[in-house]
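Have a look at the structure below, then the notes.
Just the heavy atoms: all of them, side chains too, but no hydrogens, waters or symmetry mates, feed the values below.
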Amino acid sequence: MVRLRYAPSPTGDPHLGNIRTAIWSWLYAKKMNGQFIIRIEDTDQARTIDGATDRILNSLSFLGIDWDEGPTTSGKYGPYIQSKRKETYVKYAEELVQSDLAYYAFETPSELAAIREEQKKQGLPPGYDGRGRLINKTQAKEFLDKKIPYVIRFKMPQEGETSFTDLIRGKITVQNKTLDDLIILKSDGFPTYHFAHIIDDHLMEITHVTRGDEWIPSTPKHVAIIAALGWELPIYVHTPIILGPDGGKLSKRHGARSVLDYKEDGYLPQAVMNYLAMTGWALDDKTNIISIDELKKHFDLHQLLPNPATFDEDKLNWLNGIYMREMPLDELANILQKQLTKDLNEDISLETLKKIVPIIQERINKINEITNIAGFFFKKDFQFTDLEILHKNILENNVEKTITVLLSIIEKFEKIDEKKLITANVEQLLRSNAEANNIKPGKLFMLLRIIVTGQKVSPPLFETIEIVGKNKVIQRLQTAIQKLS
RNA sequence: GCCCCCAUCGUCUAGGGGCUAGGACGCCACCCUCUCAAGGUGGAAACAGGGGUUCAAUUCCCCUUGGGGGCACCA
């Protein structure tokens, strides 16, 4: 059975590239009827942020990703938080020292910095020069007894080459002489990422190591350590990064960045999942829209593309709009009600909203656009925020005539029964009014649109008038006349 | 500096030794139309360059160029 894991560090919110790897891993586990595990990699206590784990888990939940084992779940391979597994790493590190595959080293960070400085000056690649290998066991024991801080370094092979297979790139080979003796246990007793993930992935029986492709250069070191431990290599899947529109790293500069930001910005989880799953992977030559169920059926790690992709917000927006339009009216109404309540701080009638949804569904791409599109339906203290557009759109540039026409419309509206003020009647009434006054219907509609909605862009006018209702419409017409006088 | 990875329309991609190089987003035009959308129809738009291999290369190999990443007691 395949077992894949998502192993984030609790140092911040997951961003798109990072979560895409999680999505792919999860989808593949689902497809293969395998298991998906969450492991928190918090071996750097200094960088660990309070609450980050919760936010990571929330990001996953938002997308509908579940897990078989993880920090909030029990499982026979736990604990799933690395800081709770310290002794395990120490044990394996000490064993490697015992078998002479690793050694204690006593350089201080500043000494190491000096070594690198010197190498840089000489145009050499920076890296540990292996001087700790020269310290014999007795000396080492002496230092240890004196409580001199130490790290444990792994003895990298110095000759030959190391190869491994990356699932989406094939065989990758490096010369061992480019590998230096890396630290596996830090002086604070915590393991480094390089060591901890190897131990955990083995103990947790992870079959596919999925991670960002920035790890490719250090994978040969991991391979060497795994060989020293006598363990089997996992299948490596190094996923490319997602670039910002400027070709650089995706960052705050490019708008929302973390998954939670996208949630906040009104994106639907299906859309984010669809977009992310299909950037770097394609089902065939024509599929652009795909459900989560279909993804679970068809997604395959073997088809991943090796090249980095550029984030395309337009396409995400388009996809989100597709899903917004596909959503059942009631479901959409519920979601929009929450957004409006939050934005307007008013009681939003679900009944009214259900009438509005059909006429705005094709006009909305993101949940949080609803307030701009339809907020005017609910604002109690309706004002013309922009008097200028009212003045600019009066009929035939003639205030008096405009007022006369508006008064005649008020008169007609007043005579009509509220129940009869429905779309078809409103349209008929307004069209004949325009004809009677010899004005272009379009001009009249635009003026009324501004008066009723306060906006130049709005949902269809007649439906809008019906939903806003007789009294409010008349009120707004009167306000407009006042403002024009 | 050394090492590694990547390269099809602006973007996401399909394809792969012989194709009019396909789809989608975005863009443009037209249709629909009370604004804006949505929808429909059509259009412009790509195999980075140079060498090989081959009857044939965009596809395979090499180099160049360009882009990205790594070389921490961070992950």
Answer with base, sugar-phosphate or nothing: what part of the nucleic acid does [X] contact at a heavy-atom distance below 4.0 Å?
X       : answer
K286(A) : sugar-phosphate
T43(A)  : sugar-phosphate
Q361(A) : nothing
K120(A) : nothing
P126(A) : base
S187(A) : base
G280(A) : sugar-phosphate
I241(A) : sugar-phosphate
D312(A) : base
L243(A) : nothing

Are [Y] and [X] an aromatic pair, judged by ring center distance below 6.0 Å?
X       : Y       : answer
W215(A) : Y193(A) : yes
Y150(A) : Y103(A) : no
F195(A) : Y92(A)  : no

**Q.** Nearest-nucleotide comparison on RNA chain B, the residue closer to the 5′ end among Y193(A) and T287(A)
**A.** T287(A)
Q.
Judged by each residue's nearest nucleotide on RNA chain B, which is more toward the 5′ side, A7(A) or L124(A)?
A. L124(A)
Q: Tell me, yes or no, whether the heavy-atom count around K86(A) atom NZ, taken from other residues, nucleotides or ligands under 6.0 Å, exceeds 12.
A: yes
Q) So does D284(A) have more than 12 non-hydrogen atoms from other groups sitting under 6.0 Å from CG? A) yes
Taking the minimum atom-to-atom distance to the side chain of [X], which one of [options] wins?
X       : options                   : answer
I183(A) : rG1(B), rA72(B), rC74(B)  : rA72(B)
A282(A) : rU13(B), rC6(B), rC74(B)  : rU13(B)
R47(A)  : rC74(B), rA24(B), rG70(B) : rC74(B)
T279(A) : rU11(B), rA7(B), rU13(B)  : rU13(B)
W318(A) : rG26(B), rC3(B), rC12(B)  : rG26(B)
E362(A) : rA38(B), rA24(B), rU13(B) : rA38(B)
R116(A) : rC73(B), rG23(B), rG69(B) : rC73(B)
H194(A) : rC3(B), rA75(B), rC5(B)   : rA75(B)
N307(A) : rA14(B), rA7(B), rA75(B)  : rA7(B)
D44(A)  : rC3(B), rC25(B), rC74(B)  : rC74(B)

Under-4.0 Å side-chain N/O to phosphate OP1/OP2 contact, [X] with [N]:
X       : N       : result
K171(A) : rC4(B)  : no
T108(A) : rC73(B) : no
K221(A) : rG70(B) : no

Provide the distance between the two [atom1] atoms, one in [N] and one in [M], to the nearest whole Å.
N       : M       : atom1 : result
rU33(B) : rA14(B) : C1'   : 36 Å
rC47(B) : rC6(B)  : C1'   : 16 Å
rA21(B) : rU58(B) : P     : 12 Å
rA45(B) : rC2(B)  : C1'   : 40 Å

Heavy-atom check, side chain of [X] versus side chain of [Y], under 4.5 Å:
X       : Y       : answer
H197(A) : R211(A) : yes
L353(A) : F378(A) : yes
I409(A) : L448(A) : yes

Q | Euclidean distance, atom CG of residue L185(A) to atom P of rC74(B) [Å, nearest integer] | A | 11 Å
Q: Measure from OH on Y6(A) to C1' on rA75(B) and round the result to the nearest Å.
A: 12 Å
**Q.** Base-pairing mate for rC2(B) - Watson-Crick or G-U, with both contacts under 3.5 Å
**A.** rG70(B)
**Q.** Pair D200(A), Y89(A): side-chain N/O donor-acceptor within cut-off below 3.5 Å
**A.** yes
Q) How many angstroms lie between atom CH2 of W281(A) and atom CG of L301(A), to the nearest 0.5 angstrom? A) 11.0 Å
Q: Classify every nucleotide of nucleotides 29-36 of chain B by which part a protein heavy atom approaches to under 4.0 Å, writing B for the base, S for the sugar-phosphate alone and - for neither, in 5'-to-3' order.
A: -----BBB
